[in-house]
Amino acid sequence: MPQLLSAYTDRYVLGSISDEKSSEKASSLQKNDEIENSTRQEQISLVYSLDFRTYSLDIGYSENHNTKDTHNNIYSNLIDEYFFNYISNKNKDFIPKITFNALQEWEGYILEIGDEKFTARLLDLTADASLAEEEAEIPLSEISKNDRDQIGPGSIFRWSIGYERSLAGTKKRVSHIVFRDIPALSKLDMIAGARWAEEISKNIQVL
Amino acid sequence: MTDKSQIELNFFGPGYGESILIHIGNGKWVIVDSCINTNHQPAALSYLRELGLNPAEVVRLIVATHWHDDHVRGISKLVDICKQARFCCAGVLCQKEFLIRMGAVANKSAPKVGYGMRELHQIFSLLNQRKCGPVNALSNRLIYQAKNCKIWSLSPSDKRFNAFLENISSLISQDNETNKGRRISSTNLNKLAVVLLIKIKKTLILLGSDLEKQGWLEILDNRIHPNGKASVFKIPHHGSSNAHENRVWNEMLLSEPVAVLTPWKRGAKQLPSQQDIDRILAYTPYAYATASARRPMRKHRNPSVARTIRESGVTITPVSLSRGMIRLRRQIDSQAAWHVEKISPACALKDF
């Protein structure tokens with residue numbers, strides 16, 4: 001659990017008191033700002049370390065996206081409320097919660113991208129049937145510009161539709177499309193691949 | 001029940017994917033590509049079992065013409081069960097760098113939709129256990145021979161083979177920043193498609209896979225396979241104009257052959273188009289489709305989900321699977337017209 005190391009008018013500095021090198025790992029967090037890309041990722045990882053488990057889905061979303069303003073505000077509000085409670089010593093166990101209740105989830109991959117829409121093959125995760133497939137035409141306006149620049153045929157995503165309840169208790173229907181940022185093949189992966197290919201080549205003529 | 005002295009061709013195309021099951025005589029069967037049926041089983045496997053046959057004993061060859069999802073669904077299960085069958089695929093898939101990357105991808109945890117490599121990885125692992133490698137398909141290569149039957153692969157050409165080797169890194173480009181997280185089978189592999197020419201006694205059958213026009217020209221200009229014209233044609237690439245070459249109809253097929261295609265749909269696009277149908281029917285009146293153009297019923301959804309989908313401007317269509325198939329039969333020694341059966345929703349192409 002991270003602790004507040006110091007507080008300024010414009011930022012909080014966090015670290016872990018159980019970690020002697022906490023100051024080295026301390027992270028700087030801007031208040032209520034419109035954080036872009038790498039800074040946002042830092043912010044979100046901090047939110048994650050605060051154990052807002054109910055937000056795990058959106059954390060995945062935000063790692064890959066230019067998060068929409070609404071999400072920025074939510075994260076900022078969460079952090080503000082957390083530190084308000086922490087600094088004022090009102091309730092150190094307070095963990096603010098925003099809940100997301102998924103009504104429908106799909107995993108999909110892009111088949112083709114057009115000028116205004118992309119076509120995707122979807123696997124219905126809610127139906128829990130590994131072969132319940134659908135095909136969708138989704139307006140490109142449903143995804144962020146950053147994603148639009150990076151996706152292509154074969155890109156894998158998760159699409160969730162559900163209700164989100166804010167800190168203020170407001171309930172709203174939301175739709176999230178989250179592209180998976182699959183890590184590059186590591187050296188270990190390549191070693192495992194080479195080992196497998198070597199094994200295969202004992203009995204299969206490799207060209 | 002199939003007569004052992006009868007040629008039988010079954011074209012499965014349940015609306016997504018295609019598979020061809022061929023009785024080559026003497027109780028031996030060949031499977032070209034794989035798709036799943038309404039029971040989510042490989043269509044060819046279910047059919048053989050319905051006939052009371054044991055696929056492990058009767059299937060002698062399984063061919064994967066190319067590595068697109070709609071041609072390889074369930075094919076590793078076929079290879080697993082059909083233990084007497086040789087497996088054949090484009091030789092380029094046995095290239096070392098490709099195999100290393102395939103093994104590396106298999107080492108990673110995959111999303112539910114997979115990376116499109118699982119079937120191929122499983123097949124190579126199975127073949128390795130059996131100590132029996134795949135038959136590599138190349139242009140003008142005899143890939144199978146039995147009593148009364150020979151099968152040649154007519155593609156991919158050396159040119160396509162070399163082009164694939166040059167571009168192999170981009171095919172599984174998990175380590176490429178611009179392509180990370182993409183599925184291998186979503187790339188265009190049609191240029192590597194394996195076209196098959198099957199000769200059973202005097203009968204020739206041409207199976208066009210998804211080969212596009214340039215590939216056909218390479219086949220036509222480098223022909224050393226047997227002379228003669230085919231009486232059955234699996235129309236390439238769902239009847240698309242990009243796979244059409246007039247010379248194929250004139251030089252490789254008998255006049256008015258039996259022609260079969262499997263339909264394809266992606267979003268608002270559908271193959272064959274009306275233009276494709278008109279073009280094909282100008283060559284032969286005996287043209288058939290394994291499924292109709294009828295759109296599947298929309299799914300019933302939670303009203304809130306349906307409203308969100310509507311408001312987002314998204315359109316969703318279920319990928320429907322049907323039992324549609326076209327069956328052709330005639331005696332091995334006969335040159336009579338093929339006996340054609342359409343199992344609904346398969347239809348004559350003019351009624352598509």
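Nothing here was measured: the structure is a model prediction, and the numbers come from that model. A note on names: the letters A, B, ... follow the listed sequences, proteins ahead of strands, and every chain is numbered from 1.
- The distance from the CZ atom of B/R301 to the CG atom of A/D124 is 7.0 Å, given to the nearest 0.5 Å.
- Residues B/N302 and A/Q104 have side chains not in contact (no heavy-atom distance under 4.5 Å, counting atoms from C-beta outward).
- Residue contact with chain B, scored on non-hydrogen atoms closer than 4.5 Å, involves the side chain of A/Y163 exclusively.
- The two residues B/V314 and A/A136 make their nearest non-hydrogen contact at CG1-CB, 4.2 Å.
- One distance of note links CD1 of A/I138 with OG1 of B/T315; it measures 8.5 Å at 0.5 Å rounding.
- Within the structure, the salt bridge (Lys or Arg N to Asp or Glu O under 4.0 Å) test picks out the following pairs touching residues 110-120 of chain A (sequence neighbours left out): A/E112-B/R266, A/E112-B/K269.
- Looking at A/L188, only its backbone comes within 4.5 Å of chain B, counting heavy atoms on both sides.
- Rounded to the nearest 0.5 angstrom, A/N203 CG and B/Q129 CD are separated by 10.0 Å.
- By the 30° and 60° cut-offs, the orientation of the rings of B/F124 relative to A/W196 is perpendicular.
- What you find for B/S312 and A/P139 is that their closest heavy atoms are O-CG, 3.2 Å.
- Taken to the nearest 0.5 Å, the CG atom of B/D69 stands 8.0 Å off from the CD atom of A/E133.
- Judged purely by distance below 3.5 Å, without hydrogens or angles, the side chains of B/T308 and A/R173 pair a donor atom with an acceptor atom.
- Contact of A/R121 with chain B is made through the side chain alone, with heavy-atom distances under 4.5 Å.
- When the side chain to side chain donor-acceptor pair (under 3.5 Å) test is applied to A/R148, no partner is found at least two apart in sequence or on another chain.
- When A/G162, A/G193, A/A120, A/G108 are compared by the number of non-hydrogen pairs under 4.5 Å with chain B, A/G193 comes out ahead.
- No salt bridge links A/E199 with B/K131; every basic N to acidic carboxylate O contact stays at or beyond 4.0 Å.
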Problem set entry | Chi angles and distances behind the side-chain contact (heavy atoms from CB on, under 4.5 Å) call for B/I100, A/M190 | CA-CA 7 Å; B/I100 290 173; A/M190 294 304 285; 4.0 Å; yes
* Go through the steps for A/I161 and B/I309 under the test side-chain contact (heavy atoms from CB on, under 4.5 Å), then give the verdict. => CA-CA 9 Å; A/I161 293 176; B/I309 292 170; 3.8 Å; yes
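- The candidate from B/S125, B/G133, B/S304, B/C132 with the greatest count of non-hydrogen atom pairs under 4.5 Å with chain A is B/S304.
- Contact of B/E311 with chain A is made through the side chain alone, with heavy-atom distances under 4.5 Å.
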